[in-house]
Amino acid sequence: MMKETTVPANTEKNVPDTREETRTLTPPVDIFETENGLVVVADLPGVEKEKIDVNVEKNILTLKATPKHQLDKEIAGREYQLLPFFRQFQLSDAVDQSKISAEMKYGVLTIHLPKVAEQQPRKIAVNVAQ
Amino acid sequence: MTSFFWEPIQGLEAIRREMDQLLQQFDSPRGRYARSAFLPGVSARAYPLINIGEDKDNVYVEALAPGLNPETIEVTVLRDQLRIAGEKTAINPDIKAEAFHRSERGAGKFTRVIALPTEVEGDKVKAEYKNGLLLLTLPKHAEAKPKQIAVKVS
């Protein structure tokens, strides 16, 4: 239902080429299914809510985020470096792309991808004929 | 200590000391080949990852730890040993394992002990958890602070 892809970026004219886009981190994600749809949970440490860009285009969910170190002093020991996060997933037609919502808490982004109405399980009440 | 002439006995002594240190590393609970599985609170992989910063008055520690339950974060300092413990919140346990398409994030309790570059004042440590990064500000102990010596020009 969900396939990971990396779509080649459109190379526009008159846009300066920067290296920023090529050096990215792949955030670890959990993806699970609920009754109403799919939930994508991604670890995005150091990212402010405003610096997240989640968008869907041509059935591809793109997740971009720019983190910022809180430590701005001289570094005495470095074990990690925060780079822009980037990850893409191919969505199936079963996802209702107009109803995607996302929330951020403690550096963890949760994206809700609801299924289109026809795909959701429908409870059918059984009437007992008297 | 080092002599101009070649002193074989002293040379051997130095080698022996180095070998002892090497063996000690393997024996220590933090060593790579230790029986870490049986020891509580020692993880196979250092978590969380840490950046250490320093200026004249403070040592700063930034830990990469998204998704923690802020109430579980425990920071203790003893002289120059800093211990960070906490728990990364697991996803709702009602969701069955079959429902997962991907599970890369992991969850659970962790402990990490780090040696700071200097001694710090344990009771003045400030900790802030923001956007999944834990930032600690640890004021240096008075004795560890560099002393400025005024040079008089006569």
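Fair warning: this is a prediction, and the values are worked out from it, not measured in the lab. In what follows, chains carry the letters A, B, and so on, assigned in the order in which the sequence lines appear, proteins first and then strands, with residues in each chain numbered from 1.
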Exercise for the section: Decide side chain to side chain contact (heavy atoms under 4.5 Å, CB included) for Lys88(B) and Asp43(A); before the verdict, give the C-alpha distance in whole Å, the side-chain angles of both, and the deciding distance to 0.1 Å. Expected result: CA-CA 11 Å; Lys88(B) 187 171 176 183; Asp43(A) 277 350; 2.6 Å; yes
Problem - Flag if over 12 foreign heavy atoms under 6.0 Å of NZ, Lys73(A) - result: yes
Exercise for the section: Measure Ile95(B) against the heavy atoms of chain A and call it side chain, backbone, both or neither at under 4.5 Å. Expected result: side chain
Problem - Ile91(B) portion near chain A, given a 4.5 angstrom heavy-atom threshold - result: side chain
Problem - Contact origin within Lys105(A) toward chain B - heavy atom pairs under 4.5 Å - result: neither
Practice task
Using modelled atom types only, decide if a donor and an acceptor are shared between the side chain of Asp30(A) and the backbone of Arg105(B) within a distance under 3.5 Å.
Solution key: yes
Practice task
Check the pair His101(B), Phe89(A) against side chain to side chain contact (heavy atoms under 4.5 Å, CB included), reporting the backbone distance first and the verdict last.
Solution key: CA-CA 12 Å; His101(B) 290 242; Phe89(A) 295 98; over 6 Å; no
Problem - More than 12 heavy atoms from other groups under 6.0 Å of CZ on Arg83(B) - result: yes
Problem - Lys145(B) atom NZ: more than 12 heavy-atom contacts under 6.0 Å - result: yes
Problem - Least distance between heavy atoms, Gly132(B) atom then Pro45(A) atom - result: O-CB, 3.9 Å
Problem - Common cluster, Leu61(A)/Val39(A), ILVMFWY with side-chain heavy-atom separation under 4.5 Å - result: no
Exercise for the section: Return the option, out of Thr34(A), Ile75(A), Val41(A), with the maximum number of heavy-atom pairs under 4.5 Å with chain B. Expected result: Val41(A)
Handout entry: Nearest atoms (heavy-atom pairs only) where Leu133(B) meets Gly46(A)
Key = CD1-CA, 3.6 Å
Problem - Distance (rounded to the nearest 0.5 Å) between His69(A) NE2 and Leu64(B) CG - result: 8.5 Å
Fill in the blank from the handout: In short, Asn51(B) meets Arg78(A) closest at the heavy-atom pair OD1-CA, 3.2 Å
Exercise for the section: Flag yes if more than 12 heavy atoms outside Lys147(B) fall under 6.0 Å of its NZ atom; otherwise flag no. Expected result: yes
Exercise for the section: Identify which of Pro67(A), Ala42(A), Gly107(A), Gly77(A) forms the greatest number of heavy-atom pairs closer than 4.5 Å to chain B. Expected result: Gly77(A)
Exercise for the section: Select one option (side chain, backbone, both, neither) describing which atoms of Pro27(A) are under 4.5 Å from chain B's heavy atoms. Expected result: backbone
Problem - Within one Ile-Leu-Val-Met-Phe-Trp-Tyr cluster: Leu78(B) and Val113(B), side-chain cutoff 4.5 Å - result: no
Exercise for the section: Identify the heavy atoms of Glu62(B) and Leu71(A) that sit nearest to each other, and give their distance. Expected result: OE2-N, 3.1 Å
Handout entry: Side chain / backbone / both / neither for Lys130(B) at chain A, heavy atoms under 4.5 Å
Key = both
Practice task
Among Thr110(A), Val47(A), Leu82(A), single out the residue with the greatest number of heavy-atom pairs under 4.5 Å to chain B.
Solution key: Val47(A)
Exercise for the section: Using a cut-off of 6.0 Å, state whether more than 12 heavy atoms not belonging to Glu18(B) lie near its atom CD. Expected result: no
Exercise for the section: Without swapping roles, check the side chain of Asn131(B) against the backbone of Tyr106(A) for a donor-acceptor pair under 3.5 Å. Expected result: no
Completion exercise
Honestly, the part of Glu48(A) sitting under 4.5 Å from a heavy atom of chain B is both
Handout entry: same_hphob_cluster(Ile84(B), Leu68(B)) at 4.5 Å side-chain heavy-atom cutoff
Key = yes
Problem - Top of Asp55(B), Val61(B), Ile50(B), Leu135(B) for chain A proximity - count of heavy-atom pairs under 4.5 angstrom - result: Ile50(B)
Problem - Between Tyr60(B) and Gln70(A): side-chain donor-acceptor atoms closer than 3.5 Å - result: no
Practice task
Please flag which part of Ala63(B) lies under 4.5 Å from any non-hydrogen atom of chain A: side chain, backbone, both or neither.
Solution key: backbone
Handout entry: Which of Glu128(B), Glu54(B), Glu98(B) touches chain A most, by non-hydrogen pairs under 4.5 Å
Key = Glu54(B)
